[in-house]
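Report on the structure given below.
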Amino acid sequence: MGVKFGPVLYIVPGDICSSTCFLTFPGFLCPSISCVSVTVTMAEEVVLLDFWPSMFGMRARLALAEKGIQYEYKEEDLVGGKSQLLLKMNPVQKKIPVLIHNGIPVSESLIVVQYIDEAWSERYQLLPSDPYQRARARFWADFIDKKVWTSGHQVRSSKGAEQEAAKVEFMDSLKLLEGELGDKPYFGGQNFGFLDIAFIPFYGWFHTYETFGNFSIEASCPKLIAWAKRCMERESVLKTLPQQHKIYDFVLHVNKMFGLH
Ligand SMILES: N[C@@H](CCC(=O)N[C@@H](CS)C(=O)NCC(=O)O)C(=O)O
């Protein structure tokens with residue numbers, strides 16, 4: 001190996017590294033001897049651009065917490081105005097979360113979680129190692145974004161027949177997820193994993209959906225609520241998820257600001 005950039009920067013002269021080093025550090029040339037090695041410790045720089053009630057942001061926070069990674073949290077003001085940093089780091093979608101790792105941005109919450117898992121692969125593993133189980137976890141995470149988020153959003157932002165249809169779709173989606181959970185303690189099996197991280201942030205929003213839609217999730221999906229309560233016993237989840245009523249108050253506040261119901 002010539003150069004590795006990470007928590008530790010290794011420069012091991014003597015093998016193929018002179019060209020690699022030259023590319024990475026212009027002006028630096030390795031002597032062609034095989035017995036010299038230099039190790040320079042570099043601090044990792046990890047920054048998260050986020051917004052506290054965001055279920056997408058919570059995914060990134062959870063993955064970082066599970067891996068035990070220290071980072072700088074930067075709260076974005078999505079209502080008042082986005083920072084120049086966010087616009088620069090995610091110029092395509094201009095959305096949080098954005099993980100900035102040693103100056104390099106990674107966007108889209110599920111991609112961020114997968115990136116964290118791969119970049120710190122020596123720590124607690126989030127995605128299953130089996131390819132089929134990994135594909136399956138990604139399939140359900142995608143389902144959560146396409147079905148649960150969309151219908152949940154409609155439950156709290158529509159009325160009448162539209163809201164009734166959204167409630168049916170939302171609960172049908174949750175029942176399908178409950179079927180995927182089965183009798184396992186976690187979606188990740190015996191271990192809290194990628195799909196648990198993808199879904200548990202929505203638990204913070206359950207009270208909001210239930211109050212706007214006037215229904216009970218637990219009445220139809222008791223196993224899902226038992227799973228959520230199990231997840232809440234984990235330190236990472238307990239510390240990351242805001243209290244449900246705070247999210248509800250936030251939604252009421254935003255609705256009032258924008259003259260919504
Ligand atoms: N699919 C994206 C969704 C991210 C997203 O919708 N973020 C919202 C906050 S919850 C946002 O930044 N909204 C700002 C905007 O839409 O301008 C992900 O998974 O990261």
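Counting starts at 1 for both ligands and their atoms, in listed order.
- Using a 4.5 Å heavy-atom cutoff, the side chains of Phe56 and Trp149 are in contact.
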Quick one: do Met58 and Phe202 satisfy side-chain contact (heavy atoms from CB on, under 4.5 Å)? Show the steps, please.
-> CA-CA 9 Å; Met58 284 179 225; Phe202 285 76; over 6 Å; no

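- For an aromatic pair to be called close, the ring centres must be under 6.0 Å apart, and Phe187 with Trp227 satisfies this.
- The shortest heavy-atom contact between Leu181 and Tyr186 is CD1-C, 3.6 Å.
- The shortest side-chain heavy-atom distance between Asp142 and Phe139 does not fall under the 4.5 Å cut-off.
- For ligand 1, residues of the protein lying within 4.0 angstrom by heavy-atom distance are Ser54, Phe56, Leu78, Lys82, Lys95, Ile96, Pro97, Glu108, Ser109.
- The salt bridge (Lys or Arg N to Asp or Glu O under 4.0 Å) pairs that include a residue from residues 59-68 are Asp50-Arg61, Arg59-Asp145, Glu66-Arg234, Lys67-Asp117, where partners are two or more places apart or lie in different chains.
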